[in-house]
Every structure is written in structure tokens, then in C-alpha cells.
J.: 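Input: one structure, supplied below.
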There are 2 protein chains.
Amino acid sequence: MPHKTRVTPRKQPKQDRSKMTVDAILTAAAHILTEDGYDTASTNRIAERAGVSIGSLYQYFPNKEAIMTALRERHIDEMAEIVEAAVNQTAQQPIEVALHELVKACVAAHRIDPTLHQVLDEQVPRLNQSSAEAKIILLLREFLVQRHDRIQVQNLELTVFILERTIESLVHAAVIEHPEFLQENQLEEEMTRLLLSFLIRQV
Amino acid sequence: MPHKTRVTPRKQPKQDRSKMTVDAILTAAAHILTEDGYDTASTNRIAERAGVSIGSLYQYFPNKEAIMTALRERHIDEMAEIVEAAVNQTAQQPIEVALHELVKACVAAHRIDPTLHQVLDEQVPRLNQSSAEAKIILLLREFLVQRHDRIQVQNLELTVFILERTIESLVHAAVIEHPEFLQENQLEEEMTRLLLSFLIRQV
DNA sequence: CTACAATATGAGTTATAGCTCACATTATTC
DNA sequence: GAATAATGTGAGCTATAACTCATATTGTAG
């Protein structure tokens with residue numbers, strides 16, 4: 001459902017010191033969320049932990065929701081970088097190899113900060129769309145398009161949707177709730193098998 | 001992360017009128033969440049919408065979180081009933097048919113109240129484990145065990161995990177964000193194909 | 001019909017949390 | 001070095017929201 005609260009910055013940091021202030025605020029927010037959960041993450045506490053004044057915080061973030069949105073984007077951007085690197089590195093490889101590397105990259109991405117990831121998912125309200133997630137969708141579409149000769153795709157958007165949702169949800173749940181499935185690459189192997197048997201052209 | 005706030009009822013309703021009070025409170029909460037989102041769902045507003053006093057609300061729910069937990073359980077229980085009916089009705093059918101019916105049942109379950117489902121997922125803090133979700137896991141394990149002669153399973157728990165996460169996340173995302181994929185049973189067909197090719201023994 | 005149990009009530013308390021804004025400090029430009 | 005722009009400050013305001021508790025009402029059992 002569309003949400004109207006402004007989350008774009010009140011003003012953009014121009015000097016190094018203000019860029020560092022913004023970064024300190026987001027890092028402080030991440031630490032508090034990770035250590036004590038969303039309930040304790042008041043804006044006063046975030047500012048104090050960042051070592052800045054509450055007024056500084058509100059210079060760059062119009063409201064608390066804007067802080068959480070910026071933190072979520074930063075976190076997903078970091079994850080997308082790992083996925084993008086994997087997709088680029090395996091661009092010339094056959095899909096069997098590339099898909100396995102893709103899955104492993106997603107596991108690595110989720111392991112950047114699994115506790116923060118869990119709190120962002122389970123406790124922090126999600127009130128607007130993420131542009132960082134859209135980037136991952138584009139990566140996966142490119143991944144499939146590069147291999148259109150090997151795979152059967154009738155509806156590209158539907159296939160991208162299935163690929164992204166399946167990988168994200170399995171990796172997410174495994175890293176956060178069932179790390180035992182990740183021992184000896186069990187889940188990575190099964191996921192690769194699941195998706196290969198779905199994607200590769202049946203003859 | 002373990003959470004300590006009590007969410008079990010302060011006391012159990014015994015008479016019909018108190019059971020109706022509890023039901024009215026949960027229904028009022030669902031309506032407010034669906035119409036205006038979690039931010040506006042104050043306990044005073046929920047009580048008013050339910051037509052009861054704030055003191056009545058706190059007789060049965062120790063805190064706001066307990067209301068949200070009870071509502072989530074009620075919602076997932078309703079969904080689990082549809083899935084259970086489908087699993088039972090197709091118990092004697094081959095996996096090709098049963099899996100397709102299972103996927104369709106999950107779509108139907110998500111269509112009970114998709115807006116409430118979305119708000120519960122995206123806005124309402126999730127601070128404790130759901131016993132209703134565990135019920136669905138048991139259903140899916142039974143679904144697989146009944147067909148062990150047709151499918152290849154090395155690690156039953158891992159396969160149940162993959163089945164549940166894959167179905168839940170794809171159906172959830174489709175019903176809430178991409179209903180276009182559900183036209184002409186596109187997604188149901190693709191999901192059935194994805195999971196069949198993964199489950200059925202390769203020879 | 002009375003006593004007791006179950007249930008209901010809502011004004012008021014408590015406890016912050018989100019955010020503002022008038023003023024101070026620092027960096028940059030000329 | 002002064003003027004301007006950028007940045008930083010924190011006491012205090014505002015606005016609820018979560019929850020309590022002393023009292024009232026209703027249902028049930030004997």
C-alpha cells in the first residue's frame with residue numbers, strides 16, 4: 001500500500017564531515033538494531049551512539065523512518081555488490097557453474113550481517129519499495145538473457161521472478177534460521193539442482 | 001533472537017460473551033491494520049473499534065504485542081486449514097496432481113486476506129515463533145512421506161524446508177505484488193514444474 | 001433471591017519518543 | 001581577515017500510546 005511519509009533527505013551532505021556524520025548515524029543505527037532490537041532504537045539513542053546531536057540527525061533525515069530506509073538501502077546495496085561481482089565473474093561460464101556461483105554469492109551476501117538482516121526483515125516496518133532490490137532483479141535478468149540458448153524461457157519476467165524469490169527466500173531462511181542446511185554445501189547443491197532442472201531446456 | 005515479553009493471555013475467556021469480546025478485539029485489529037496500517041493501530045483505537053473498553057482488552061491481552069501475535073496465529077491457522085484440506089483430499093493422488101493442488105491451495109490461502117497478510121509481514125514486528133507455521137511444515141512432511149516411492153529424498157528435513165520456503169515465498173510475492181503472474185495459472189504451472197522436476201526421481 | 005465469579009469499564013497515570021528551532025561553531029571563499 | 005555557507009547543538013515542546021486499577025455490571029450456582 002502506498003505510503004506518504006517523506007524519506008528523502010532534508011539536505012544532502014556536501015563536506016566530508018557531514019558525509020561522515022550521515023555514515024556514523026547509519027552505523028550507529030545498525031549497531032543498536034543488531035544488539036538490542038528495533039524497540040530500543042529511538043532517534044535520541046541513535047544520535048547519542050553516533051556521537052552527534054539529535055539536531056544533526058534531523059538535518060539529514062526528516063524522520064526515523066528515513067533512517068531505517070537509508071539503512072536498509074545501504075545494507076541491500078552491499079549485498080547486491082557481492083551478487084553483481086559473482087554474475088560478472090561467471091559471465092562466460094556455463095549455467096551449471098554460474099548458477100552454483102550465484103547461489104554461493106547470495107549466501108555470502110546474507111552473511112555480511114545476518115543479525116541486522118533479520119531485524120530489518122522482522123522488526124523494522126517496510127513502508128516503501130527498495131531500489132536496491134530492483135538492481136538485483138536486473139542482474140538476474142541479465143544472468144538469464146546471457147544464456148538464452150541453453151535454457152527454456154517462455155515468460156522472462158516470470159522466470160526472473162521465480163529465480164529471485166526462490167534464491168532469496170531459501171538463502172535468507174537458511175542463513176538466519178537453519179545454518180545447519182549450509183554445512184558441506186548441502187543447500188547450495190540442492191538449490192542448484194532445483195533451479196537447473198527447472199531452467200535447462202528439456203529434450 | 002529470543003524475546004521475553006509475555007504474549008500469553010492474562011486470563012482465558014470462559015463465557016460466550018468473553019469469547020466474543022476476544023474475537024471482536026482481533027477482528028477490530030485486523031480491520032484497522034488492513035485499512036490504515038500498523039502505525040494507527042493503537043490499543044485504544046482497537047478497543048474502540050471493537051466496541052469494548054480498553055480495560056477489557058487488557059484483561060485478555062497483557063500488551064499490544066500479544067494482540068498482534070494472536071492475530072497472526074489466527075490468520076495463519078485459517079491459511080493452514082485450507083492447505084490441510086488440500087493435502088487430505090489429494091492423499092491418494094499421484095504427486096503430479098497433488099503438488100498442483102497443493103500450490104493452488106496455497107494461493108487460495110494467501111487470498112483469504114492478502115492486505116492483512118501484507119501488513120502483518122511488512123509492518124507488524126515479528127518477535128516470536130509461530131506454532132501455526134510449524135503445523136504447515138508437518139503437513140508438507142506428511143505430503144512427501146506419503147510419496148517416498150516416487151521421489152528422491154536424501155535429507156527429508158532439507159527437502160521439506162525447500163518445499164515450504166519455495167512455495168510460501170513465490171505464492172506470497174505473487175498474490176501481494178504480482179497478481180499478473182497468477183493469470184491463467186501461469187505461476188501455478190511453473191511452480192509445479194519447478195518442484196516436480198526437483199522431487200521426482202531422476203532415472 | 002443472594003452470593004460469588006466472571007466480565008466490563010474508562011478516566012487517568014506514566015513514560016517516553018519523535019522532532020523543533022534559536023543559537024553556536026567550523027569550513028570555505030573572496 | 002571577514003563574510004557567508006555549511007554544519008552542529010541539545011533543552012525543551014508536543015503529542016500521544018501503552019497500560020492500570022478502583023469500581024460497576026452481568027452471569028451462574030446453590
J.: Would you mind telling me which residue lines up with the more 5' stretch of DNA chain C, B:Lys14 or A:Asn63, judged by nearest nucleotide?
T.: B:Lys14
J.: How does protein reach along nucleotides 24-30 of chain D, written 5' to 3' as B (base within reach of a heavy atom under 4.0 Å), S (only sugar-phosphate), or - (no contact)?
T.: --BSS--
J.: Rounded to the Å, how far apart are B:Phe61 CZ and C:dT7 P?
T.: 13 Å
J.: Roughly, in whole Å, what's the span from CD in A:Glu48 to C1' in C:dG18?
T.: 16 Å
J.: Do the charged groups of B:Arg150 and B:Glu96 touch, with an N to O distance under 4.0 Å?
T.: yes
J.: Could you state the atom-to-atom distance from CD1 of B:Ile25 to P of D:dC19 in whole Å?
T.: 13 Å
J.: Grab the NZ-P distance between A:Lys19 and C:dT26 for me, whole Å please.
T.: 21 Å
J.: Does D:dC19 have OP1 or OP2 sitting under 4.0 Å from an N or O in the side chain of B:Tyr58?
T.: yes
J.: Taking A:Ser130 for its side chain and A:Glu133 for its backbone only, find out whether a donor-acceptor pair lies under 3.5 Å.
T.: yes
J.: Starting from C1' on C:dA15, measure out to CG on A:Asp39 and report it in whole angstrom.
T.: 14 Å
J.: Base, sugar-phosphate or nothing for B:Tyr60? Non-hydrogen atoms, less than 4.0 Å.
T.: sugar-phosphate
J.: Might you list the N or O atoms of the protein lying below 3.5 Å from N or O atoms in nucleotides 9-13 of chain C, with each pair's distance?
T.:
unit_1 : atom_1 : unit_2  : atom_2 : d
C:dT9  : OP2    : B:Ser53 : N      : 2.8
C:dT9  : OP2    : B:Ser56 : OG     : 3.1
C:dG10 : N7     : B:Ser53 : OG     : 2.3
C:dG10 : N7     : B:Gly55 : N      : 3.3
C:dG10 : O6     : B:Gly55 : N      : 3.2

J.: For residues B:Asp39 and B:Gln123, is any side-chain donor paired with an opposing acceptor at under 3.5 Å?
T.: no
J.: How long is the straight-line distance from CG of B:Leu120 back to CG of B:Leu71, given to the nearest 0.5 Å?
T.: 5.5 Å
J.: Given C:dA8, is OP1 or OP2 found less than 4.0 Å from the side-chain N or O atoms of B:Ser18?
T.: no
J.: When the distance from CE of B:Met20 to C1' of C:dA8 is rounded to whole Å, what number comes out?
T.: 14 Å
J.: Can you find a side-chain donor-acceptor pair between B:Arg45 and B:Thr40 that sits under 3.5 Å?
T.: yes
J.: Give a yes/no answer on whether the side chain of A:Ser42 brings an N or O atom under 4.0 Å of OP1 or OP2 in C:dT16.
T.: no
J.: Rounded at 0.5 Å granularity, tell me how far CG in B:Leu163 sits from CG in B:Leu158.
T.: 11.0 Å
J.: Please find the pair of heavy atoms, one from B:Ala24 and one from B:Ala50, that lie closest to each other, and give the distance.
T.: O-CB, 3.6 Å
J.: Determine: side-chain N/O of A:Thr43 to OP1/OP2 of C:dG18, distance under 4.0 Å, yes or no.
T.: yes
J.: Please give, in whole Å, the distance from D:dT20 P to B:Lys64 NZ?
T.: 15 Å
J.: Is a side-chain donor-acceptor pair under 3.5 Å present for A:Glu168 with A:His110?
T.: yes
J.: By the salt bridge (Lys or Arg N to Asp or Glu O under 4.0 Å) test, which pairs, at least two apart or in different chains, include something from residues 170-190 of chain A?
T.: A:Glu190-A:Arg193
